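Each remark here refers to the structure printed beneath this line.
Fair warning: this is a prediction, and the values are worked out from it, not measured in the lab.
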Amino acid sequence: MLHEVAASDLDVTNIVSPIRKLLCTVAFFHGEIEAIDLEQRRVSLSHRHDKHCHALPYDHLLLALGATPNFFDIPGLTDRAFTIKTLSDAIALRNHLIANLEEADFECGTALRAGLMNFVVAGGGFAGVETIAAMNDFLREGVRFFAHLREDMLRVILVGAGPVILLELGEKLGTYAQRKLKEQKMEIHANCKVTSVTDHDVTLSDGTTVTTNTLVSTAGISPHALLGTLPCLKSRGLVLVNESLEVPG
């Protein structure tokens, strides 16, 4: 639901639940995992700004660390792209969209307007499609409140590496979804990837350069870095498990 927070369709308080309320019979510790000692069966955690540490013993350890964004070593992407993995990401994107419209509305900003009114989302999967659709609705509904802006000034672009978007659903449904996005005035660049990003533009593998200060990257994820510290068998950074999701040994 993060894309709905980014587009103001949902308030943050409507999609979060206090974890202590959900886990009322569980001893809950809010902190950062510093290290995992598999031999001694201890997890080292820290909290506070001074990184005060605790060592928690365990009988069984469940690793549910999630993933982190993968920027594929694309020049400029790590420093300049928005991501959509956390609530703070969604709020930051929403604030950025509003700030761009505000800045573009000033008459003195006419020369910069293209960069402020062009928006690029990289990733043709669920996250990318949901995000760009929500952004498109938000921007087109919001632009009418600005005296010097028109809807035809907006350019909302989705970049996907596959032949159609949403390949997880099959080519037929992906083609249908792609047609629906185009009907809502979104541009689709299929079989295409972002190759570089600067403060002022985004370059695509099909040779297109888009003047913009907004790139949302949803194109890939990497395993959590903590897994790399564990002496377990791995494949492409992922811990290998058996049919019961247990680590061998």
Item to complete: Assign the ring pair His54 / His47 to parallel, tilted or perpendicular, where the plane angle (0 to 90°) is split at 30° and 60°.
Response: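 Taking His47 first and then His54, their aromatic rings sit tilted (interplane angle of 30° to 60°).
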Worksheet item: Aromatic rings Phe82 and His96: how do their planes relate, parallel, tilted or perpendicular, breaks at 30° and 60°?
Response: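 Phe82 and His96: tilted rings.
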Shortest non-hydrogen contact from [X] toward [Y]:
{"X": "Ser222", "Y": "Ala67", "answer": "O-CB, 3.2 Å"}
{"X": "His3", "Y": "Ala134", "answer": "O-CB, 3.5 Å"}
{"X": "Ala133", "Y": "Leu181", "answer": "CB-CD2, 4.4 Å"}
{"X": "Ala90", "Y": "Leu2", "answer": "CB-O, 3.5 Å"}
{"X": "Leu167", "Y": "Gly162", "answer": "CD1-CA, 4.0 Å"}

Sidechain-backbone polar pair: [X] side chain, [Y] backbone, donor-acceptor under 3.5 Å:
{"X": "Glu4", "Y": "Asp9", "answer": "no"}
{"X": "Arg113", "Y": "Ala104", "answer": "yes"}
{"X": "Asn136", "Y": "Val156", "answer": "no"}
{"X": "Thr198", "Y": "Asp201", "answer": "yes"}
{"X": "Asp89", "Y": "Thr86", "answer": "yes"}
{"X": "Arg41", "Y": "Asp59", "answer": "yes"}
{"X": "Thr195", "Y": "Thr203", "answer": "yes"}
{"X": "Arg179", "Y": "Tyr176", "answer": "no"}
{"X": "Asp105", "Y": "His148", "answer": "yes"}
{"X": "Thr212", "Y": "Thr214", "answer": "yes"}

In Å, rounded to the nearest 0.5 Å, how long is the span from [atom1] of [X] to [atom2] of [Y]?
{"X": "Glu151", "Y": "Leu149", "atom1": "CD", "atom2": "CG", "value": "11.5 Å"}
{"X": "Leu61", "Y": "Leu56", "atom1": "CG", "atom2": "CG", "value": "11.0 Å"}
{"X": "Thr78", "Y": "Asn70", "atom1": "OG1", "atom2": "CG", "value": "9.0 Å"}
{"X": "Ser217", "Y": "Arg80", "atom1": "OG", "atom2": "CZ", "value": "14.0 Å"}
{"X": "Leu97", "Y": "Asn95", "atom1": "CG", "atom2": "CG", "value": "9.0 Å"}
{"X": "Asp206", "Y": "Asn191", "atom1": "CG", "atom2": "CG", "value": "10.0 Å"}

Worksheet item: Given Met117, which of Asn100, Leu101, Asp152 fulfils the side-chain contact (heavy atoms from CB on, under 4.5 Å) condition?
Response: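 Checked Asn100, Leu101, Asp152 against Met117; only one passes side-chain contact (heavy atoms from CB on, under 4.5 Å): Leu101.
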Practice prompt. Could you point out which residue of Ile157, Val210, Val197, Val121 forms a side-chain contact (heavy atoms from CB on, under 4.5 Å) with Leu215?
Written response: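 Among Ile157, Val210, Val197, Val121, the one meeting side-chain contact (heavy atoms from CB on, under 4.5 Å) with Leu215 is Val197.
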Do [X] and [Y] have side chains that get closer than 4.5 Å, going by heavy atoms?
{"X": "Val194", "Y": "Leu204", "result": "yes"}
{"X": "Leu173", "Y": "Leu166", "result": "no"}
{"X": "Ile132", "Y": "Phe119", "result": "no"}
{"X": "Met135", "Y": "Leu93", "result": "yes"}
{"X": "Ile15", "Y": "Leu87", "result": "yes"}
{"X": "Leu158", "Y": "Met186", "result": "no"}
{"X": "Glu103", "Y": "Leu112", "result": "no"}
{"X": "Lys193", "Y": "Ile74", "result": "no"}

Fill in: Contacts of His200 that satisfy ring-ring contact (aromatic ring centres under 6.0 Å, His included) - sequence neighbours left out
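For His200, no residue satisfies ring-ring contact (aromatic ring centres under 6.0 Å, His included) once neighbours in sequence are set aside.
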Discussion item. Is it true that, when you exclude His52 itself, more than 12 heavy atoms of the residues, nucleotides or ligands shown sit nearer than 6.0 Å to its NE2?
Written reply: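 Counting other residues, nucleotides and ligands, NE2 of His52 exceeds 12 neighbours.
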Item to complete: Tell me, yes or no, whether the heavy-atom count around Asp73 atom CG, taken from other residues, nucleotides or ligands under 6.0 Å, exceeds 12.
Response: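 Atom CG in Asp73 is not crowded, with 12 or fewer foreign heavy atoms closer than 6.0 Å.
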Item to complete: Assess whether side chain to side chain contact (heavy atoms under 4.5 Å, CB included) is satisfied between Phe126 and Thr218, documenting all intermediate values.
Response: CA-CA 9 Å; Phe126 288 112; Thr218 69; over 6 Å; no
Fill in: Audit row: Thr208, His189, side chain to side chain contact (heavy atoms under 4.5 Å, CB included) steps and yes/no
CA-CA 9 Å; Thr208 304; His189 287 250; 3.6 Å; yes
Worksheet entry | Thr211-Asn118 side chain donor-acceptor pair, cut-off 3.5 Å |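 No, no side-chain donor-acceptor pair sits under 3.5 Å.
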Fill in: Residues forming a side chain to side chain contact (heavy atoms under 4.5 Å, CB included) with Leu65, sequence neighbours excluded
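Residues passing side chain to side chain contact (heavy atoms under 4.5 Å, CB included) with Leu65: Ile33, Leu63, His224, Leu226, Leu227.
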